[in-house]
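Below you'll find the structure, written out as structure tokens, and then a few comments.
Throughout, a chain's letter reflects where its sequence line sits, starting with A, and its residues are numbered from 1. Note that the coordinates shown come from a computational prediction; the quantities given were computed from them, not determined experimentally.
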Protein chains: 2
Amino acid sequence: MSAPGQAEGAARRPSRQRDAVLGLLEELDGFRSAQDLHTLLRERGDTVGLATVYRALQALVDDGLLDVLRGPDGEAGYRRCSPSHHHHLVCRSCGLTVEVAAPPVERWTARVAAEHGFADVRHDLEVFGTCRGCAARRG
Amino acid sequence: MSAPGQAEGAARRPSRQRDAVLGLLEELDGFRSAQDLHTLLRERGDTVGLATVYRALQALVDDGLLDVLRGPDGEAGYRRCSPSHHHHLVCRSCGLTVEVAAPPVERWTARVAAEHGFADVRHDLEVFGTCRGCAARRG
DNA sequence: GTGCGCATGAGAATCATTCTCGCATATGCC
DNA sequence: GGCATATGCGAGAATGATTCTCATGCGCAC
């Protein structure tokens with residue numbers, strides 16, 4: 001609550017750690033947990049605190065550079081993604097993730113929301129499946 | 001892990017507590033957290049342990065009688081709902097929930113999954129907005 | 001070069017959820 | 001009906017992710 005003009009055009013001070021987190025996510029594919037990223041950074045010899053990783057992730061999400069996905073066990077996964085609106089097709093076996101646009105879904109959402117008198121509408125849609133590679137591997 | 005044939009046709013022993021949880025959810029509208037339900041049951045004078053509420057909720061979810069929704073803060077919400085496939089339109093202000101069917105979304109999901117070679121597909125879709133009542137209330 | 005203020009790091013604190021354990025009770029067998 | 005056994009229960013401890021606290025470090029403005 002004491003956050004100053006962090007909101008709009010406020011300059012976020014550059015930080016090696018934030019860059020490291022973002023850089024790591026650029027290299028990786030699929031969703032990674034905060035703890036996971038922290039461990040990976042440590043293994044690279046990067047001295048980063050776990051709290052800092054969480055802070056960096058939040059900042060990056062605020063800036064719209066990352067997507068968050070919460071698994072059934074309550075653990076949050078983060079992924080570098082394009083800033084435009086999209087959804088994900090995620091392989092539940094290997095974590096492979098494909099960004100997809102869903103015009104029909106957007107239209108449907110808007111229509112149904114209007115029909116029920118809902119305003120200021122947002123939606124979450126994630127599609128989980130088994131990708132071709134994993135399906136073949138398991139017979 | 002030691003659970004015997006609890007899976008399919010196994011008889012679940014009747015329990016006052018499970019009935020109480022289900023009954024409470026029948027009365028309520030919208031998603032309620034486990035802690036919330038526990039508090040409500042206690043206030044009614046029902047002696048129920050928190051762990052029991054979690055167990056009952058899991059059992060009911062397994063039986064397909066409840067829907068689970070995980071909020072951004074990681075807290076899970078439970079709701080009594082119809083057993084057929086559907087999605088939710090949730091008011092982010094008052095929690096009012098409407099079940100909706102989304103044929104276009106189902107079709108789109110199947111098509112996109114097929115295009116990318118994904119099999120055994122499932123999806124999660126939740127729509128959040130402000131219902132008419134809450135919008136009016138806030139001007 | 002100096003000073004201010006945000007960012008950091010380590011560990012403690014918090015919060016939801018799950019596990020453990022001893023007890024109560026329903027169900028099955030006789 | 002009466003006992004044996006498995007399943008459900010309640011309380012509190014344990015777990016695991018995330019957030020907070022606070023002293024310190026460093027970038028940027030002057």
*Assess the side chains of Asp67(B) and His86(B): does a donor N or O sit below 3.5 Å from an acceptor N or O?*
yes

*Separation of dT17(C) C1' from Asp73(A) CG (nearest whole Å)*: 11 Å

*Of the listed nucleotides dG9(C), dG27(D), dC9(D), the one nearest the side chain of Arg16(A)*: dG9(C)

*Not counting sequence neighbours, which residues clear side-chain hydrogen bond (donor to acceptor under 3.5 Å, both in side chains) with Gln35(B)? List them please.*
Tyr54(B)

_Measuring to OP1 and OP2 of dC9(D), would you say a side-chain N or O of Ser15(B) lies under 4.0 angstrom away?_
yes

*For Pro14(B) and for Gly77(B), find the nucleotide of DNA chain C with the closest heavy atom, then tell me which residue's nucleotide is more 5'.*
Gly77(B)

*Is there a path from Leu25(B) to Leu69(B) through hydrophobic residues (I, L, V, M, F, W, Y) whose side chains come within less than 4.5 Å of each other?*
no

_Check for me, please, whether Leu125(A) and Leu66(A) land in the same ILVMFWY cluster - side-chain distances under 4.5 Å, paths through other members count._
no

*asked:* I'd like to know if Val61(B) and Leu41(B) are part of one continuous hydrophobic network [Ile/Leu/Val/Met/Phe/Trp/Tyr, side-chain heavy atoms within less than 4.5 Å].
replied: yes

*Between dA16(C) atom C1' and Arg32(B) atom CZ, what is the distance in whole Å?*
18 Å

_Do Leu22(B) and Phe31(B) sit in one hydrophobic cluster, given that two such residues count as connected whenever their side-chain heavy atoms are within less than 4.5 Å of each other, even indirectly?_
no

*Pull out every residue in residues 36-50 of chain B that has a heavy atom closer than 4.0 Å to any atom of DNA chain C, ordered by number, or say none.*
Leu50(B)

_Net bend of the helix from dG1(C)-dC30(D) to dC30(C)-dG1(D), end axes of five pairs each, nearest 10 degrees_ = 30°

_His116(A): ring-ring contact (aromatic ring centres under 6.0 Å, His included) partners, not counting sequence neighbours_ = none

*Distance-only side-chain donor-acceptor flag, Thr52(A) / Gln17(A), under 3.5 Å*: no

_Separation of atom CD in Glu75(A) from atom C1' in dT18(C), rounded to whole Å_ = 16 Å

*asked:* Once you apply a heavy-atom cut-off of 4.0 Å, does Gln17(A) come out as touching a base, just sugar-phosphate, or nothing?
replied: sugar-phosphate

*Who passes salt bridge (Lys or Arg N to Asp or Glu O under 4.0 Å) against Arg18(A), sequence neighbours left out?*
none

*Arg70(A) has an atom CZ; how far is it from atom C1' of dG16(D), in whole Å?*
13 Å

*Which listed nucleotide (dG25(D), dG8(D), dG10(D)) is nearest to the side chain of Arg13(A)?*
dG25(D)

_Residues from residues 52-61 of chain A lying under 4.0 Å of DNA chain C - heavy atoms_ = Thr52(A), Arg55(A)

*Can you tell me how far CG of Asp62(A) sits from CD of Gln58(A), rounded to the nearest 0.5 angstrom?*
7.0 Å

*Would His87(A) and His123(B) satisfy ring pair (Phe, Tyr, Trp, His ring centres under 6.0 Å), going step by step from the backbone distance to the final call?*
CA-CA 11 Å; His87(A) 298 285; His123(B) 59 278; over 10 Å; no

